[in-house]
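Have a look at the structure below, then the notes.
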There are 4 protein chains.
Amino acid sequence: MSTSDPAGNRPTATTSVTARGGRPRRGRRPAAEVRAEVLETVARMLFHGGLTAVTFDKVAAASGASKTTLYKWWPSPGSLAAEAYFAGVWNELGFDDTGDIEADLASQLRAFVHLMTREPAGRVARELIGAAQTDPDLRAAFVREYSLPRRDEAITRLRRAQDRGQLAADAPLTALVDQLWGACYHRILLLNEEPDDRLVDDLVRTVFHGAGPRGTADA
Amino acid sequence: MSTSDPAGNRPTATTSVTARGGRPRRGRRPAAEVRAEVLETVARMLFHGGLTAVTFDKVAAASGASKTTLYKWWPSPGSLAAEAYFAGVWNELGFDDTGDIEADLASQLRAFVHLMTREPAGRVARELIGAAQTDPDLRAAFVREYSLPRRDEAITRLRRAQDRGQLAADAPLTALVDQLWGACYHRILLLNEEPDDRLVDDLVRTVFHGAGPRGTADA
Amino acid sequence: MSTSDPAGNRPTATTSVTARGGRPRRGRRPAAEVRAEVLETVARMLFHGGLTAVTFDKVAAASGASKTTLYKWWPSPGSLAAEAYFAGVWNELGFDDTGDIEADLASQLRAFVHLMTREPAGRVARELIGAAQTDPDLRAAFVREYSLPRRDEAITRLRRAQDRGQLAADAPLTALVDQLWGACYHRILLLNEEPDDRLVDDLVRTVFHGAGPRGTADA
Amino acid sequence: MSTSDPAGNRPTATTSVTARGGRPRRGRRPAAEVRAEVLETVARMLFHGGLTAVTFDKVAAASGASKTTLYKWWPSPGSLAAEAYFAGVWNELGFDDTGDIEADLASQLRAFVHLMTREPAGRVARELIGAAQTDPDLRAAFVREYSLPRRDEAITRLRRAQDRGQLAADAPLTALVDQLWGACYHRILLLNEEPDDRLVDDLVRTVFHGAGPRGTADA
DNA sequence: CGATAAACGAGACGGTACGTCACGTCTTGCC
DNA sequence: GGCAAGACGTGACGTACCGTCTCGTTTATCG
């Protein structure tokens, strides 16, 4: 999520978080250690107070990192929150392939809706999307790290269904993704309603079979 | 947008904004006059600096109203911005009925996309949606004043088409609205892309005719 | 304390404070009734929150009088508080005359010190004196209603002692009052100390017998 | 006057107020520099508008310091005004020792009265004493920085006179100070009158020779 | 005795100050 | 040299009070 990672090393468990009980550390510390502590702290703060609780001031006070350091690694509190968030919920949504594309889509959408509406993870996700509309750094990070990868996953799965003849050869796959996930986002972000199973079923059925008049010869 | 309007009278052009050149008014002024001046000012500020430029401090300084008054009428800067925004762009999107539901939907979606992506109105709209994810007052106002009315408009138009046999009798109208508009929102808010005419066409075609394999007997 | 009392009638118990349990009174009410309720309320507020708790806003809310009315009768919150205060502690300090001027002065000073240092009356008195240094209306009222009358009382008692030969014929009575009471005020207001009985004894003895070297011929 | 001075260094003329003509400084500046500019500004404000003109908002605007900084160094506007005031009028009243204690006391009292009654310094002093009755921080600062030191000065001078046999060996020195200065404060603060030379003479004479009946054997 | 004017309550309004918080910049002192 | 610590200017927040002013209601007074 961060713009640059000179060391190239994501913090691992092996990199020392050792001197935890010591006196308030000063002087130079390994970047990885600092980053790890910060992200851990931010994840906790996100969980408790939501996105608005993540300020550089509070993070600095709670994590032991200095504001100078935070500014060096993250362009805005939103970016920092986003990285901490993704590091946590990452990989939570794997795309099944049972062979039944409609069922797989429905179950995937249901899992997605559940993630977006349960507390506190869902609230944080919604707040991140919200903040991204104002914070360009956050928006770029969000698209790059979340939206595009997840869209690609979905398209990959759809293309496989297409290859199997479960979708029309000229089906606009990208538009289908927009339609299916976008409908859920619409409910959640714009209407403040929680999508139910009924909606998911309707979405999938319409996408595959259309909502036009029955018996009509589809041109 | 505001929670209560004791006088019950939305400010109109007729209500005196007369004593403009006078001394800096003290004491009680008609609520309608104050509200009108504030909303006018906020609209200008939205146009120039976007949503983040709308702070109670700046609005008070620029409109001649006091912060006390602003807090009395609006629970948050976002709510104020929303009301000013809707008072301006309201009714900009009228739903045509040429008899051809697919064409009407497409043209309506195209107009909507244009509104959401042109500057500065589109940016403000996106920022409002974003802020609504954090500000409960703004969210409530947004849903009440914008999302629900526009969805009702769309459903009304779709129901008419349904009555004419242009849609299946059991078509899930609400879900269709989510699918069509939600897809555009998905592109704009989540992916930071501008929906093109191609997308709109794909959306409408899929909704009416499905993207399943051709020649399939639609169950 | 108030600048004018057109009706000339201080509120008495007979003037109706009747409709107490009724609906929240509006429209014209007898001035005396309004004034009485206000002063009663302010006395309570002074007792609980001190002088700073007496604001026109709070008094209006608590007394049922409107701010308009308060501004009509009192020039500042301080003046209002002063009037309410004096209406309460008035006449609390009567000057005894046992024939022993030194003993009478000492007991009078002790009573005065006790009044000024016990809570909450003493705190309010100190705050009133403090506020009078900034609020001209309050200062004028304070001097007129409190300082001068009490000084006159003291001078009257001293002159009687002088007539009896208990004080030098050319004793500067006004200066003596300044010395005796002023010394206590000095301790309380300037040094934030509580005058003790020892101080009072020293003051009286010095005033009557001097602190110069013993055996000296008083020129 | 401030509670703590971490750097331990009172601002001096040598500490750089150099970069005055530069751009509006951001980031950290030396505390001494900031404090010096603030106190200078406040002294000017006190001179022109009195104590009520010293608000944190105005000081911040006029001095270039931020409200945050002001709150960090001073607990209330009154404390700030007090420090600025004392930094200015400090040392204005030196205690002479001509050998004639009565004459020295009289001249010292006259100088004190003059300081307390001339404009604008006297008005500010009275307002400070007034505000100290409500503001505990200001009261503590006032007592610590002004009242006690000045009383100690006076007692020192009186003790010297006592050692020379110009005062009774058992003369209550502290009470004498209360009597002499307190009498002047009484006139000024409580009675709103300006002490004249006559008063000062009467005070000193009474303190040394008593106001009791002449020829009486002083018990 | 009914109309009218005065006094009141309620409270909105423009100002101003309060005290707090976060941002982004900058300096100092450890390590 | 990099980092913590944290002070600094900026500016917004939400609240409180002041003093002015408008409105509708009630009462006392007078035609």
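Naming: A, B, ... by sequence-line order, numbering from 1 per chain. Since the model is a prediction, treat every value here as computed from it, not as a measurement.
- Summarising the geometry, the separation between CH2 on B/W74 and P on F/dG14 is reported as 15 Å, rounded to the nearest angstrom.
- Which of E/dG15, E/dG11, E/dG24 sits closest to the side chain of B/T68 comes down to E/dG15.
- Across all strands, C/A65 comes closer than 4.0 Å only to sugar-phosphate atoms, never to a base (heavy-atom distances).
- For the residue pair A/D137 / A/S79, no side-chain donor-acceptor distance below 3.5 Å is found, with atom types taken as modelled.
- An OP1 or OP2 oxygen of F/dA7 is reached within less than 4.0 angstrom by no side-chain nitrogen or oxygen of D/W73.
- If you take OH of C/Y71 and P of E/dC8, they are 16 Å apart, rounded to a whole angstrom.
- Of the listed residues (D/V42, D/V34, D/V38, D/L39), just one forms a side-chain contact (heavy atoms from CB on, under 4.5 Å) with D/S63, and that residue is D/V38.
- The distance between atom NZ of C/K58 and atom P of E/dA10, rounded to the nearest whole Å, is 19 Å.
- One can place CG of B/L80 at 14 Å from P of F/dA12, the figure rounded to the nearest angstrom.
- The listed nucleotides are F/dC13, F/dC8, E/dC8; the one nearest the side chain of D/K72 is F/dC8.
- Under 4.0 Å is where a charged nitrogen must lie from a carboxylate oxygen, and between C/E83 and C/R35 at least one such pair does.
- Between the CG atom of D/D135 and the C1' atom of E/dG19 there is a distance of 14 Å, rounded to whole Å.
- Residue B/D137 contributes atom CG, which lies 15 Å from atom C1' of F/dC13 at whole-angstrom precision.
- In terms of position along DNA chain F, the nucleotide closest to D/A60 lies nearer the 5' end than the nucleotide closest to the other residue of the pair B/P77 and D/A60.
- Considering only heavy atoms from C-beta on, C/S76 comes within 4.5 Å of C/D135 through its side chain.
- In the set F/dC8, E/dG19, E/dC8, F/dC8 carries the atom at the smallest distance from any side-chain atom of D/V34.
- Atom pair B/E37:CD and E/dA12:C1' shows a separation of 15 Å (rounding to whole Å applied).
- Taking side-chain N and O atoms only, B/K67 has no distance below 4.0 Å to OP1 or OP2 of E/dG14.
- With the nearest nucleotide of DNA chain E identified for both B/T69 and D/F56, B/T69 has the one nearer the 5' end.
- Distance from the side chain of D/D57 is smallest for E/dA17 among the nucleotides F/dA12, E/dC23, E/dA17.
- Listed candidates were E/dC8, E/dA22, F/dA5. Nearest to the side chain of A/S66 is F/dA5.
- Which of F/dT15, E/dA22, E/dG19 sits closest to the side chain of A/T55 comes down to E/dA22.
- With a 4.5 Å cut-off on side-chain heavy atoms, B/L80 and B/F56 count as touching.
- For B/L70 and E/dA12, the CG to C1' distance is 13 Å, given to the nearest whole Å.
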